[in-house]
Amino acid sequence: MSQRHKRILVTGATGTQGSATIAQLLEQGYSARAMTRNPTSEPAKALSEIGVEVVHGDYDNPASLATALEGISGVFSVQVPSLTGDDTEYRHAVALIEAAKRAKIQHFVHTSVSGIDLYKRVLPEQEHLWDRSFWNSKLHIEAAVQAANFPVVTILRPAFLMESLIAPKVNFAFPELRQGELVIAMQPNTKLAMVAAQDIGKFVVTAFNHPDRFNGKQIELAGDQLTIPEAAAVLSRVSRQSVSAVCLTPEAAIARGKHPVMVQHQAWANEVGYPIAIEELQEYEGISLTSFATWVEMNQNAINVN
């Protein structure tokens, strides 16, 4: 392990990406400090029980960020996107970036989203597919990270999270899975690039291990690409329960009660999609990517199909 980083601050520590990153950091012998708005929550207590230092951090409270960053040399940055189109995600990211600059952080690893470069070149006939508030927020955050001039910067751009199929995300994204249906506004032949959260954590830790190699990198992340019927078949085989793919038009998906923003992202996947070339990730030796089948096997107890 590189001695350049003795302690890493992980934001979003009780969320999907943050908790997966903490697990990978601990496995590699790092000291992780978990930042959360609620250190007394059950997920935060669980982190404390495995030896993680848990601290309070509120993006709207600069003093709490300064305290969380004391004695830290590396930061893993992730913020929650807004579904209402406000600027919360951007404001929170900038608050962390500014605090990290004042704390003289050496290596800033930020997780964004796959497809940003495509968004920069959006075609007029595809403008209706892009949720502009979502993509603008991600784009402006990346720009703010770059403008901060940290000694080392790494930006990871994950595709669709496999963890969207388990709690808590599944309750919003795919509640019908409980009844054995994978309902989505995507065509049956559309390949969806997806990534396991643990793979994001692997790249984070490897970036901290090898800062020179990862400095200035923007890495599109995915471990598998499947159609929705293929994904349903994997879920059926591993869970030993019948899971069917229900591929709807955007209009039909909204009529089924799907959130309009989520439907728009799925329509985007049909016509644009994540620009993933999984084979290009093989150049990062030592990082094994997780296939969807492997991920389902690892998480079968958390996949709720009745």
(Q) Is it true that Ser114 and Glu220 share a donor-acceptor pair across their side chains at a distance under 3.5 Å? (A) yes
Q) Would you call Thr206 and Tyr284 a side-chain contact if the rule is heavy atoms closer than 4.5 Å? A) no
Q. Shared ILVMFWY cluster between Leu25 and Phe214, side chains joined below 4.5 angstrom?
A. yes
**Q.** Arg178-Asn171 side chain donor-acceptor pair, cut-off 3.5 Å
**A.** yes
Q. Does one side chain, of Glu163 or Trp295, offer a donor that lies under 3.5 Å from an acceptor on the other?
A. yes
Q. Is it true that a side-chain atom of Lys104 and a backbone atom of Ser73 form a donor plus acceptor pair closer than 3.5 Å?
A. no
(Q) Arg256 vs Glu181, test: salt bridge (charged side-chain N to carboxylate O under 4.0 Å, His left out). Steps then yes/no. (A) CA-CA 12 Å; Arg256 279 282 297 259; Glu181 290 186 334; 3.1 Å; yes
**Q.** Exercise: do Asn38 and Thr40 side chains pair donor with acceptor under 3.5 Å
**A.** yes
Q) Which word best sums up how the rings of Phe134 and His265 line up, parallel for under 30°, tilted for 30 to 60°, or perpendicular for over 60°? A) perpendicular
Q. Hey, does the side chain of Arg33 reach the backbone of Glu70 with a donor-acceptor pair shorter than 3.5 angstrom?
A. yes
Q) Are Leu289 and Ile276 grouped together when hydrophobic residues (ILVMFWY) are joined by side-chain heavy atoms under 4.5 angstrom apart? A) yes
Q) Taking Lys138 for the side chain and Ile116 for the main chain, is one N or O donor matched with an acceptor at less than 3.5 Å? A) no
Q | His140 (side chain) donor-acceptor with Asn136 (main chain) under 3.5 angstrom | A | yes
Q | Heavy-atom donor-acceptor pair, Thr111 side chain to Val78 backbone, under 3.5 Å | A | no
Q) Is a side-chain donor or acceptor of Gln264 paired with a backbone partner of Trp130 at a separation under 3.5 angstrom? A) yes
Q: Verify whether one side chain among Asn270 and Thr190 offers a donor that lies under 3.5 Å from an acceptor in the other.
A: yes
Q: Say whether, by atom type as modelled, one donor and one acceptor occur between the side chain of Asp199 and the main chain of Thr290 under 3.5 angstrom.
A: yes
Q. Is Lys202 close to Ser288 at the side-chain level, that is, under 4.5 Å between some pair of heavy atoms?
A. yes
Q | Side chain to side chain, Leu65 and Tyr59, heavy atoms closer than 4.5 Å | A | yes
Q: Give a yes or no on whether the backbone of Phe76 and the side-chain of Thr11 come within a donor-acceptor separation of less than 3.5 Å.
A: yes
Q. With no hydrogens and no angle check, is any side-chain donor or acceptor of Ser236 less than 3.5 Å from a backbone partner on Ala232?
A. yes
Q) Any salt bridge between Glu285 and Arg213, counting N to O under 4.0 Å? A) no
